[in-house]
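One structure is given here, and the rest of the page talks about it.
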Amino acid sequence: MKNKKLKLFTIPYAAWMLFFVIIPIFIIGYYGVTDSNGNFTLANIFSITQYEHYKSLFLAIYLAIICTVICLLIAYPLALILRKLDPKLSGTLIFIFLLPMWMNMLLRTLAWQILLERKGVINALLTMAHLPTLNIINTNAAVVLGMVYDFLPFMVMPVFNSLSKIDDSVIDAASDLGAKYHTVLFRIIIPLSIPGIVSGITMVFIPALTTFVISNILGGGRILLIGGLIEQEFMHASNWNLGSGLSIFLILFVFVFIAISMFFDDEEELA
Amino acid sequence: MKKRFSIIEIIKKFYLFIVLLFLYMPIITMVVLSFNSSKSRAKWGGFSFAWYKAMIEDRYIMGALYNTLLIALISSIAATIIGLIASIGIYNLKKIPKSIFMSVTNIPMVNADIVTGISLMMFFVAFGISLGFNTILLSHITFSIPYVILAILPKFRDMKQNIVDAALDLGATPVQAFFKVVIPEIMPGIVSGFLIAFTMSLDDFIITYFTKGAGMHTISTLVYSQTKRGINPSMYALSSVIFGSVLLILVISNFVSRAKEEV
């Protein structure tokens with residue numbers, strides 16, 4: 001299969017990516033630095049200094065960080081437990097844990113709305129048991145809950161993969177040499193699973209930061225994140241220039257994360 | 001270690017159970033509500049198939065389902081073909097052009113969906129392509145190709161060069177060698193690339209939302225439009241049907257792949 005002429009097979013793909021990936025990103029850049037008459041301006045980008053705008057950016061970062069931390073705290077012990085089980089059983093269990101991910105994300109988020117509503121399923125059950133009701137719908141807590149639910153599998157998968165690659169004999173060696181369990185965990189298991197943790201963080205943080213679906217459905221229009229702001233500019237206000245200017249910040253975030261994960265990937269290859 | 005039944009084992013089981021409960025509670029709720037004859041979400045009005053019947057008779061739901069499946073099928077086939085051709089080319093590139101190609105391949109995967117969505121929407125409008133079925137299709141092909149390439153490329157690397165040379169020495173034309181030797185070798189990569197592309201397309205909301213234009217709906221965008229106006233309980237029936245089909249497909253494919261391993 002090695003043949004110099006076969007290089008030419010990349011041409012259709014290169015053309016496709018040029019048209020549908022690279023040019024569109026340049027279009028965002030173009031709209032971001034022009035006004036509605038096509039004149040150059042930095043006003044769209046500097047509009048992030050308006051209170052409403054930076055508030056939604058900071059809220060999105062804040063909620064995305066909380067969501068990522070919770071996902072890691074749930075997924076890591078889970079992956080540790082699954083790793084110890086015998087391969088057949090853990091294969092079936094990981095299948096069961098990842099199964100909900102294959103269901104449409106919109107439907108899953110909608111289900112949480114039904115569960116959390118003021119007169120929803122959870123409150124109906126709580127009232128039946130004569131317990132105080134839970135009123136978190138349309139708050140930050142509900143949005144974080146939805147984010148954790150939707151993105152948890154993205155953390156479980158890479159963390160479990162990197163943990164199951166660790167050679168048991170390394171762990172046994174440490175224990176034989178007298179290391180206690182927490183020493184083994186913090187000095188052997190966690191350091192060896194860093195690449196999985198990093199890719200899990202990227203896979204959870206970026207969609208959580210940029211979502212507008214979860215905040216619209218579970219935040220009831222009261223919680224505006226940066227993604228929701230951009231969506232409004234495009235779909236309701238029709239101010240594409242402003243929307244593009246704001247999305248440049250999201251593109252920057254993504255670049256930072258790619259750089260970080262590439263750094264960790266290189267280390268993995270050296271090891 | 002194994003003999004310690006202790007509290008730790010119980011805590012571990014309990015932990016697994018709690019996480020499972022969290023993951024399945026919304027799905028169970030949907031399934032239960034889909035059989036609830038009362039329209040209220042908080043009251044049980046008795047068992048009924050009424051919402052399933054209403055779902056089948058609902059023109060909008062069936063139309064959206066048709067669009068969703070057709071787009072998923074066409075876009076995943078197209079992405080698999082383009083991705084396969086691209087993988088052959090990329091495999092034959094030298095190190096530096098190869099790493100450039102792989103970085104570009106990464107862009108749609110790591111970029112936020114909303115950015116991909118708005119960039120494609122502005123691209124289509126700028127080139128005068130009216131938004132609708134075709135623009136959704138082009139967008140889905142675009143975000144699926146990278147996953148196909150990542151599934152196929154490693155199979156080329158694992159393939160032994162000798163077997164291709166052997167086929168050529170024995171008089172096969174390059175085209176014959178490709179279809180009779182190379183394709184069977186990399187088939188697992190092609191199949192998994194196709195399946196990833198198909199499910200990504202089925203599940204997508206954000207990119208579809210920006211590139212669909214007015215009056216066009218897939219399941220995801222239909223659900224989203226209903227969350228604002230109040231949900232038709234037929235949606236619960238639809239969710240249950242989707243979950244049931246996904247479960248069936250995954251269980252079957254799991255059994256098939258395990259049976260193959262054991263042979």
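Keep in mind that the numbers below use all heavy atoms, side chains included, and drop hydrogens, waters and symmetry copies. Given the structure is predicted, the values throughout are model-derived calculations rather than measurements. Per chain, numbering begins at 1; letters A, B, ... match sequence-line order.
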Practice item. Please lay out, stage by stage, how B/Val110 and A/Phe255 fare under the test side chain to side chain contact (heavy atoms under 4.5 Å, CB included). Key: CA-CA 9 Å; B/Val110 288; A/Phe255 272 116; over 6 Å; no

Of the non-hydrogen atoms in [X] and [Y], which two are nearest, and what is the gap between them?
X: A/Ile27; Y: B/Ala126; answer: CD1-CB, 4.3 Å
X: A/Met101; Y: B/Asp203; answer: O-OD2, 4.3 Å
X: B/Phe210; Y: A/Glu231; answer: CZ-CG, 4.0 Å
X: A/Thr210; Y: B/Ala112; answer: CG2-CB, 3.4 Å
X: A/Thr10; Y: B/Ala86; answer: CG2-O, 4.1 Å
X: A/Leu107; Y: B/Met30; answer: O-CE, 3.2 Å

Of the backbone (N, CA, C, O) and the side chain (C-beta and beyond), which part of [X] lies under 4.5 Å from a heavy atom of chain B, both, or neither?
X: A/Pro153; result: neither
X: A/Asn216; result: side chain
X: A/Ile217; result: side chain
X: A/Leu115; result: side chain
X: A/Ile22; result: side chain

For [X], which atoms come within 4.5 Å of any heavy atom of chain A: side chain, backbone, both, or neither?
X: B/Leu20; value: both
X: B/Val32; value: neither
X: B/Val125; value: side chain
X: B/Ser220; value: both
X: B/Met122; value: both
X: B/Ile90; value: both

What distance separates [X] [atom1] from [Y] [atom2], expressed to the nearest 0.5 Å?
X: B/Ile85; Y: A/Leu6; atom1: CD1; atom2: CG; result: 11.5 Å
X: B/Ile114; Y: A/Thr211; atom1: CD1; atom2: OG1; result: 8.5 Å
X: B/Phe243; Y: A/Asn104; atom1: CZ; atom2: CG; result: 13.0 Å
X: B/Tyr24; Y: A/Ile96; atom1: OH; atom2: CD1; result: 6.0 Å
X: A/Phe9; Y: B/Leu84; atom1: CZ; atom2: CG; result: 9.0 Å
X: A/Ile25; Y: B/Ser119; atom1: CD1; atom2: OG; result: 6.0 Å

**Study point:** Proximity of residues 11-18 of chain B to chain A, residues having a non-hydrogen atom under 4.5 angstrom
**Key:** B/Lys12, B/Tyr15, B/Leu16

Review point. Which residues, numbered in order, of residues 199-209 of chain A come under 4.5 angstrom of chain B by heavy-atom distance?
Key: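 Within residues 199-209 of chain A, near chain B: A/Ile206.
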
Check your understanding: Just wondering, are more than 12 heavy atoms of other shown residues or ligands nearer than 6.0 Å to CZ in A/Phe95?
Key ->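 It does: A/Phe95 CZ has more than 12 such atoms within range.
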
Exercise for review: Using a cut-off of 6.0 Å, state whether more than 12 heavy atoms not belonging to B/Leu21 lie near its atom CG.
Suggested key: yes

**Study point:** Aromatic ring pairing B/Phe124/A/Phe20, orientation class (parallel under 30°, perpendicular over 60°, tilted between)
**Key:**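 Tilted, since the angle between the ring planes falls between 30° and 60°.
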
Check your understanding: Using 30° and 60° as the class limits, which term best fits the ring planes of A/Tyr149 and B/Phe22: parallel, tilted or perpendicular?
Key -> perpendicular

Check your understanding: Which pairs, with at least one residue in residues 12-25 of chain A and sequence neighbours excluded, count as a side-chain hydrogen bond (donor to acceptor under 3.5 Å, both in side chains)?
Key -> A/Tyr13-B/Thr105, A/Trp16-B/Thr142

Practice item. Could you go through the side chain to side chain contact (heavy atoms under 4.5 Å, CB included) check for B/Ile27 and A/Met103 one step at a time? Key: CA-CA 9 Å; B/Ile27 294 170; A/Met103 199 166 122; 4.2 Å; yes

Study note, to complete from the structure: By side chain to side chain contact (heavy atoms under 4.5 Å, CB included), B/Thr68 pairs with (sequence neighbours left out) B/Leu202, B/Thr218, B/Ile219

**Study point:** A/Phe212 vs B/Tyr209, ring-ring contact (aromatic ring centres under 6.0 Å, His included): CA-CA, chis, key distance, verdict
**Key:** CA-CA 12 Å; A/Phe212 66 92; B/Tyr209 177 68; 5.5 Å; yes

